[in-house]
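Report on one structure; see the data block that follows.
Values below: all heavy atoms of this structure, side chains included; hydrogens, waters and symmetry mates excluded.
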Amino acid sequence: MKKILLVLVFILVLSFSVMAENFHIGIVTGTVSQSEDDLRGAEEMIRRYGDSSEGGMITHITYPDNFMQEMETTIIQIVALADDPMMKAVVVNQAVPGTVEAFRRIREVRPDILLLAGTPHEDPDMLSDEADLTLYPDAVARGYLIVKAAQELGANTFMHISFPRHMSYEMLSRRRDIMRETANDLGLNYVDMGSPDPVSDIGVAGAQQFILEKVPAWLEQYGEKTAFFCTNDAHTEPLLKRIAELGGYFIEADLPSPTMGYPGALGVEFSNEEKGNWPKILDKVEKKVIQAGGSGRMGTWAYSFGFSTSAALAEHAKNVIEGNSELLDMEDIMSAYEEFTPGAGWNGSLYVDADGIERENFMLIYQDTYIFGKGYLGMTDLEVPAKYFEIGQ
């Protein structure tokens, strides 16, 4: 009789375990051409937990490359994930325009679905009203830390390169203001430089050509101890190319990654075995940077923010659904990131809105800066002065 009872208990436990894992998580990213790292993070989750179309957990879709002009298509694609009765979480990384409306529509029909967003392009307050959790690379702390790192490496000028569309985003313009204030406080010359928008009529090619042609003149005018920062991914590759050739500093990209701009700028190619293996990718890029003369001048995050955010948000959602993590617990969220970024330091804080109210479901996070030929700078251990968190509120 006892054996029969034990067998029945085992079957019940097994059945409960199977039922507990019987759910889907949707991940929405850009395409390879727009945001490859984000997409690779989704692929890593499929590798771990399987594709939902084949009995696994993960459903991955991509939004249109021209998402500004195809916003309704983006919304429809995201909302369609809620048609799956097994869908329990939707992760959008990057949360491009249309995500707020898509989340609102999902919430109306499926309030049981967790809604998570990475790197939002829309108003933080609007998104935090609709999303259960939003993560953004810490524009506030990094506004200080990027300039501080540049100064520590020897820069005496800091140039911020952007265009009106990006400066209409609250977090990007706020970071710009913090960078300006930090540069002034640390004794660096600050330069605000305009540039063409890659999604305008000039296109990506025209925007990149602008950078290629202008960097030599900028270095001649401001000197080789100028540190450059650009808000757009398309500008990053030509900027890195010229800095490696001619001088200057590049601390880290807007969305840092060893694959952000460096492969194209320095001719780095990765085998299929290397893709997704960030220590190997970092090592290969580092050798090229040092060979090009960029040692001690050029940096990144050792692990792609786009990759780690797609993977970590999905992993965190899985842990929450299974009852192993709390949705808004910073330590639980950092643990999910550390799962995909061994050896890298992380830090962060809650977003404070324009009314001075902390948004518990909107978190600003950042990874330690890695300078090629030098290593980690320990920026996650520095305390950012409180005054910088008040700028732009």
Side-chain angles (χ1 to χ4, degrees), residues 27-48 60 62 91-96 116-121 135-139 142 146 229-237 239-240 250-266 268-286 288-289 298-316 333-334 336-348 364-372 375-377 379-380:
I27 306 178
V28 186
T29 70
T31 64
V32 169
S33 63
Q34 279 283 357
S35 46
E36 180 175 354
D37 288 356
D38 303 1
L39 182 142
R40 299 300 178 203
E43 290 182 342
E44 170 62 20
M45 297 307 286
I46 291 174
R47 186 188 68 79
R48 290 191 176 206
H60 175 227
T62 59
V91 173
V92 183
N93 183 41
Q94 302 170 37
V96 297
L116 302 91
T119 314
H121 292 212
L135 297 180
Y136 193 91
D138 196 337
R142 292 177 69 216
I146 292 172
F229 178 84
C230 61
T231 64
N232 187 261
D233 295 351
H235 288 152
T236 303
E237 181 178 314
L239 186 58
L240 290 172
F250 184 91
I251 307 305
E252 59 193 40
D254 180 63
L255 296 178
S257 166
T259 60
M260 176 55 69
Y262 281 105
L266 302 178
V268 186
E269 295 182 359
F270 304 108
S271 66
N272 290 331
E273 290 74 22
E274 290 170 326
K275 291 179 180 179
N277 186 325
W278 294 101
K280 286 187 177 180
I281 289 172
L282 184 70
D283 181 64
K284 196 164 189 176
V285 172
E286 184 161 33
K288 280 286 190 178
V289 171
M298 305 175 76
T300 183
W301 286 358
Y303 297 87
S304 160
F305 183 75
F307 174 94
S308 54
T309 295
S310 291
L313 277 177
E315 181 74 13
H316 182 58
I333 294 168
M334 292 296 99
Y337 269 91
E338 289 165 2
E339 172 74 18
F340 302 94
T341 60
W346 287 90
N347 206 337
L364 308 175
I365 64 174
Y366 59 98
Q367 188 184 139
D368 195 4
T369 301
Y370 186 95
I371 299 297
F372 295 112
Y376 288 111
L377 292 185
M379 305 309 288
T380 46

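No side-chain heavy atom of Val268 sits under 4.5 Å from any side-chain heavy atom of Ile281. Put simply, the side chain of Thr29 does not reach to within 4.5 Å of the side chain of Phe307, judged on heavy atoms. No side-chain heavy atom of Ser257 sits under 4.5 Å from any side-chain heavy atom of Tyr262. Phe229 has its side chain within reach of Asp254: a pair of non-hydrogen atoms, C-beta onward, lies under 4.5 Å apart.
Here the closest heavy-atom approach between residue Ser310 and residue Ala42 is recorded as CB-N, 3.9 Å. Nearest heavy atoms, Ala302 versus Tyr376: CB-OH, 3.2 Å. The two residues Glu252 and Thr369 come nearest to each other via the heavy atoms OE1-OG1, 2.6 Å. Of all heavy-atom pairs spanning Gly261 and Glu237, the tightest one is O-CG, 3.6 Å. Shown here for Gly41 and Ala311, the closest heavy-atom pair between the two residues is O-CB, 4.0 Å. Among all heavy-atom pairs drawn from Thr236 and Cys230, the shortest one is OG1-SG, 3.5 Å.
When only modelled atom types and interatomic distance are considered, Gln367 and Tyr337 share no side-chain donor-acceptor pair under 3.5 Å. Counted by atom type alone, His121 and Gln94 present one or more donor-acceptor pairs between their side chains at under 3.5 Å. Judged by distance alone, the side chains of Thr309 and Asn93 never bring a donor and an acceptor atom under 3.5 Å apart.
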Exercise for the section: Run the numbers on Asp138 and Ile365 for side-chain contact (heavy atoms from CB on, under 4.5 Å), then give the verdict. Expected result: CA-CA 5 Å; Asp138 196 337; Ile365 64 174; 5.7 Å; no
Practice task
Take Phe372 and Phe250 through the side-chain contact (heavy atoms from CB on, under 4.5 Å) test and state the conclusion after the steps.
Solution key: CA-CA 11 Å; Phe372 295 112; Phe250 184 91; over 6 Å; no
Practice task
Please lay out, stage by stage, how Tyr366 and Ile146 fare under the test side-chain contact (heavy atoms from CB on, under 4.5 Å).
Solution key: CA-CA 11 Å; Tyr366 59 98; Ile146 292 172; over 6 Å; no
Practice task
Could you walk me through whether Leu240 and Met298 pass side-chain contact (heavy atoms from CB on, under 4.5 Å), step by step?
Solution key: CA-CA 8 Å; Leu240 290 172; Met298 305 175 76; 3.6 Å; yes
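With values rounded to the nearest 0.5 angstrom, Thr259 atom OG1 is found 9.5 Å from Arg40 atom CZ. Atoms CG and CZ, on Leu135 and Phe305 in that order, are 6.5 Å from each other to the nearest 0.5 Å. Summarising the geometry, atom CE belonging to Met334 is positioned 7.0 Å from atom CH2 belonging to Trp346; distances are rounded to the nearest 0.5 Å. We find the OH-CZ distance between Tyr303 and Phe340 to be 12.0 Å, quoted to the nearest 0.5 Å. With rounding to the nearest 0.5 Å, the separation of CG in Asn347 from CG in Leu364 is 11.0 Å. Atom NZ of Lys284 is separated from atom CD of Glu269 by 7.5 Å, given to the nearest 0.5 angstrom.
Salt bridge Glu44/Arg48: present, at least one basic N to carboxylate O contact under 4.0 Å.
Listed by chain and residue number, nothing satisfies the salt bridge (Lys or Arg N to Asp or Glu O under 4.0 Å) test with Glu338 (two or more places apart in sequence, or in another chain).
The backbone N or O of Asp368 sits nowhere less than 3.5 Å from a side-chain atom of Thr380 that would complete a donor-acceptor pair.
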